Novice: 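There's a structure below that I have some questions on.
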There are 2 protein chains.
Amino acid sequence: MPEPQGDTEAPGRPPRRGERRPTMTDVAERAGVSRALVSLVFRDAPGASRTTRERVFQVADEIGYRPDSAARMLASSRSKVLGVMLTVRNPFHADMVESIYPVAEQRGYEILLSAASPTRDERKAVDALLGHRCEGLLLLGPTLPTSYIAELGAKLPVVSLGRRFPGVDVDAVHTAEAKGVRQAIAHLVELGHRSIAHIDGGRGPGSAERRKAYREAMRKHGLADYIRVLPGDQTEESGSATAKVLLAEGSAMPTAVLAGNDRCALGLLDVVWRAGLQVPGDLSVVGYDDSHLAHLSHIDLSTVRQDPNRHAELAVQCVVDRLDGVRDGAEEFVLEPKLVTRGTTGPPGRSGKMSA
Amino acid sequence: MPEPQGDTEAPGRPPRRGERRPTMTDVAERAGVSRALVSLVFRDAPGASRTTRERVFQVADEIGYRPDSAARMLASSRSKVLGVMLTVRNPFHADMVESIYPVAEQRGYEILLSAASPTRDERKAVDALLGHRCEGLLLLGPTLPTSYIAELGAKLPVVSLGRRFPGVDVDAVHTAEAKGVRQAIAHLVELGHRSIAHIDGGRGPGSAERRKAYREAMRKHGLADYIRVLPGDQTEESGSATAKVLLAEGSAMPTAVLAGNDRCALGLLDVVWRAGLQVPGDLSVVGYDDSHLAHLSHIDLSTVRQDPNRHAELAVQCVVDRLDGVRDGAEEFVLEPKLVTRGTTGPPGRSGKMSA
DNA sequence: GCGCTCTACTAGCGCGCTCTAGTGATAGAG
DNA sequence: CTCTATCACTAGAGCGCGCTAGTAGAGCGC
């Protein structure tokens, strides 16, 4: 029976659930000023006295007025909204989203989240954002084809986090993958490891660079013979699957593994622990991302830190600067990674449980 | 009418950055019909011939027209948008979000995501959604005070997932916590366990019910003396912390644990595995949620399944029905949980590694 | 011819806001 | 006294769309 609306007559009719949401006009009337003045106050624009300002805010609060962003963006043709496309399961994305909110807010932008998932591809997620008039897009680890990214980039400021799109007019923020890998390998070598394997990240962001850097770093340390890239992707599944493969090798297995990312490292660790091996005694493990997972005290994963905060900050700044017309050409922000050594790395010292 | 734009007339070319985005009027002009007709076509309303319909769509496609949701919701005073508040790190939330999208789409609604996090409380997340004119709200495991929920519920249709708010005019979708717990305990008892502990979920959704049900189930099985509720919350940290406490007890530790949720179970498992104990030989573990994590082959967690798909379906239907005026009083949808036995539960049979 | 219905389409108001171009009112400068 | 400057505020035109009321024309029976 309570149908939404449609009958616009009868100004004083008792509205049902949720009474007509108060508008600027309501505030203006109640405060005894013009609608324009209220608008002024809410936009924090100059031209209103202190007292009036306060009264307007007070009245607004009383009647529960809240500016309508739809009308606002229609009228201003600026939405002040940035769209964020993410994969809802990815913990590193979660970290970044958390950081994006405050940074955007400080710059005066709102955030709209749109999730990609197996049943909802990235294109769809982006489409939703565009429909909501986002002025700029932050794409977290996009796997969209370059041509599509280029098309997007032609329409509005776009920044890709974690993946580069060379030759396309789109900004990118990512870490110097090679450096992180070099640090990780150097650390392991210093601890005395020689047989260091790498679980590949597949088509995931940064994987190609990491793979390449791994090979180079190994060669640089004179360990070319130990180079071993295990196929995988950036999921727990691939980590655990690889773990099983390695465990089957018994004493021939590597003494250290550099995983494609933290999730992968996690999957590997679980299986290894479960098999009764000691970490790092029997196997040292290094992750990549330093996502929330790695911090967890029971995991205590050595990993390559990619500062999600800094990523977020740069990405937002990137887009906002472009919107303000500060910058124009595509730019690439390369962040310094940092190896964080925690409890999953140590000298190779077999504990004798190898065939457990 | 100001002329469209001075230097940007070039049909067929994708719009350059900063170029005025095409409107309905543009489509109408180009197709040689009225604006109203275009509107008609895009709303899929009757009153346009097949041929016209097709031409309009084709022209729209050519110039890259995309309906502006802001204008749309302003004009119709219906946004056709449902807001979803979630905790970005929660895997069970991720599962639900994935299911919510298709269900909402099918019902003709869009979804707006807003994340709560340690640095962005739920109120703020909800505020953002309201500002975007959501017609209804889906709150995933809200921890907001009842009074605030009631306030929200008075304004618009709200459904809470996983947490009940008795006495408030707000719908709720949750599983029959007690049943799930009973099943889990029965399963463990049947396997021969007597000393079954429960890690509490703290203030998390469903925790109170689970705790109570645990106590009752234990009593029912004549195991009142073994009742043991360990303080915790619904994070990995609490699982691992509890694991350490239990491990310190040596042979006095319980033979089975019912965790507050899957994340908690995970934290516990990692520590237990790492300590070299066998699961389920030394300890059986049951989670709660059957989130994505539990499925992972290397975890293979026995857990109480809460169907996220069904949750999503019911929740969306709940809100939509209320919006359509089908229903009015607060309703509670209680779903049947289902114990899923996987690899982390088995008969208690100490493997002798207890002091590892 | 007339009225009637049905289909295909159009005119134009207004959703809640922003923003430009104003209006007075007061104050100091010449 | 007039002239300009500044401040506090207002009028009113849209932003892109939905939607109601309307029109034009075709078809049909009488």
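To find a chain, count down the sequence lines: A is the first, B the second, and so on, and within it residues start at 1. None of the values given here were measured: they were computed from a predicted structure.
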Novice: Quick check on DNA chain C: between A:M73 and B:T52, whose nearest nucleotide comes earlier from the 5' end?
Specialist: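 On the 5' side of the pair lies B:T52.
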
Novice: Identify which nucleotide among D:dC17, D:dC9, C:dA11 has an atom closest to any side-chain atom of B:A36, counting heavy atoms from C-beta outward.
Specialist: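 The listed nucleotide nearest to B:A36's side chain is C:dA11.
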
Novice: With no hydrogens and no angle check, is any side-chain donor or acceptor of B:T87 less than 3.5 Å from a backbone partner on B:N90?
Specialist: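 Such a contact is absent between B:T87 side chain and B:N90 backbone.
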
Novice: Rounding to an integer number of Å, can you tell me how far A:F42 CZ sits from C:dC19 C1'?
Specialist: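 Computing the A:F42:CZ to C:dC19:C1' distance gives 17 Å.
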
Novice: So what does B:R133 hit on the nucleic acid, given a heavy-atom distance under 4.0 Å: a base, only sugar-phosphate, or nothing?
Specialist: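 If one applies the 4.0 Å heavy-atom cut-off, B:R133 turns out to touch the sugar-phosphate alone, with no base involved.
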
Novice: Calculate the interatomic distance between B:D68 atom CG and C:dG16 atom P; express it in whole Å.
Specialist: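 To the nearest whole Å, that distance equals 16 Å.
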
Novice: Of the nucleotides D:dT10, C:dA11, D:dG18, which has the atom closest to the B:M24 side chain?
Specialist: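 Within the option list, the nearest is D:dG18.
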
Novice: Can you tell which of D:dG18, D:dG16, C:dT10 lies closest to the side chain of B:A71?
Specialist: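 The answer is D:dG16, which lies nearest to the side chain.
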
Novice: So what's D:dC7 paired with, Watson-Crick or G-U wobble, going by both distances under 3.5 Å?
Specialist: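 For D:dC7, the partner nucleotide comes out as C:dG24, under the 3.5 Å rule.
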
Novice: Tell me which nucleotide among D:dA11, D:dC9, D:dC19 gets nearest to the side chain of A:A48.
Specialist: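 Of the candidates, D:dC9 comes closest.
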
Novice: Expressed as a whole number of angstroms, how long is the span from A:L40:CG to D:dC7:C1'?
Specialist: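 That distance rounds to 12 Å.
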
Novice: Given C:dC9, C:dT18, D:dC9, identify the nucleotide with an atom nearest to the side chain of A:S49.
Specialist: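 From the listed options, D:dC9 comes nearest.
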
Novice: Keeping the roles fixed (side chain from A:S69, backbone from A:R72), state whether a donor-acceptor pair exists under 3.5 Å.
Specialist: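 Absent.
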
Novice: If you check the B:S34 side chain, which of C:dC17, D:dG12, C:dT10 turns out closest?
Specialist: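 Per side-chain heavy atoms of B:S34, the pick is C:dT10.
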
Novice: Ignoring hydrogens and angles, are the base of C:dG12 and the side chain of B:R35 linked by a donor-acceptor pair under 3.5 Å?
Specialist: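 Indeed there is one.
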
Novice: Base, sugar-phosphate, or nothing: which does B:R43 touch, judged by heavy atoms less than 4.0 Å apart?
Specialist: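 It contacts base atoms.
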
Novice: Could you tell me how far apart A:L74 (CG) and C:dT18 (C1') are, to the nearest whole angstrom?
Specialist: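 Answer to the nearest Å: 10 Å.
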
Novice: Between B:S39 and B:R43, do the side chains contain an N or O donor and an N or O acceptor separated by less than 3.5 Å?
Specialist: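 Short answer, yes.
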
Novice: Under 6.0 Å from the NZ atom of B:K124, do we count more than 12 heavy atoms belonging to anything else shown?
Specialist: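 No.
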
Novice: Among C:dC17, D:dG18, D:dT10, which is the nearest nucleotide to the side chain of A:L37?
Specialist: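 Selected nucleotide: D:dT10.
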
Novice: Rounded to whole Å, please give me the gap between NZ in A:K80 and C1' in C:dC17.
Specialist: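 Atom NZ in A:K80 sits about 16 Å away from atom C1' in C:dC17.
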
Novice: Please determine whether a side-chain nitrogen or oxygen atom of B:S39 lies at a distance below 4.0 Å from atom OP1 or OP2 of D:dC17.
Specialist: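 Checking B:S39 against D:dC17: no side-chain N or O falls below 4.0 Å of OP1 or OP2.
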
Novice: A:H132 NE2 to D:dG16 P: how many Å, rounded?
Specialist: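 Whole-Å distance recorded here is 18 Å.
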
Novice: Which is true for A:S77 with a 4.0 Å heavy-atom rule: it touches a base, it touches only sugar-phosphate, or it touches nothing?
Specialist: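 The answer is nothing, as A:S77 stays clear of every strand by at least 4.0 Å.
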
Novice: Which base sits across from C:dC6 as a Watson-Crick or G-U pair, both distances under 3.5 Å?
Specialist: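 When the pairing criteria are applied, D:dG25 turns out to be the nucleotide that pairs with C:dC6.
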
Novice: Distance from A:E29 atom CD to A:T23 atom OG1, nearest 0.5 Å?
Specialist: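 Here the interatomic distance stands at 8.0 Å.
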
Novice: Give me the atom names and distance for the closest heavy-atom approach of B:M85 to B:A125.
Specialist: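 Shortest heavy-atom contact: CG-CB, 3.8 Å.
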
Novice: Round to a whole Å and report the spacing from CD1 of A:I63 to P of C:dG16.
Specialist: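 Nearest whole value for this atom pair: 13 Å.
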
Novice: Between A:E29 (CD) and D:dA11 (P), how many Å, whole number?
Specialist: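 Those two atoms, CD and P, are 12 Å apart.
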
Novice: Scan A:P46 against the nucleic acid and name what it touches under 4.0 Å (heavy atoms): base, sugar-phosphate only, or nothing.
Specialist: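 Since no nucleic acid heavy atom lies under 4.0 Å of A:P46, the category is nothing.
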
Novice: Just compare D:dC9, C:dT10, D:dG18 and give me whichever is closest to any side-chain atom of B:S76.
Specialist: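 Nearest listed nucleotide: D:dG18.
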
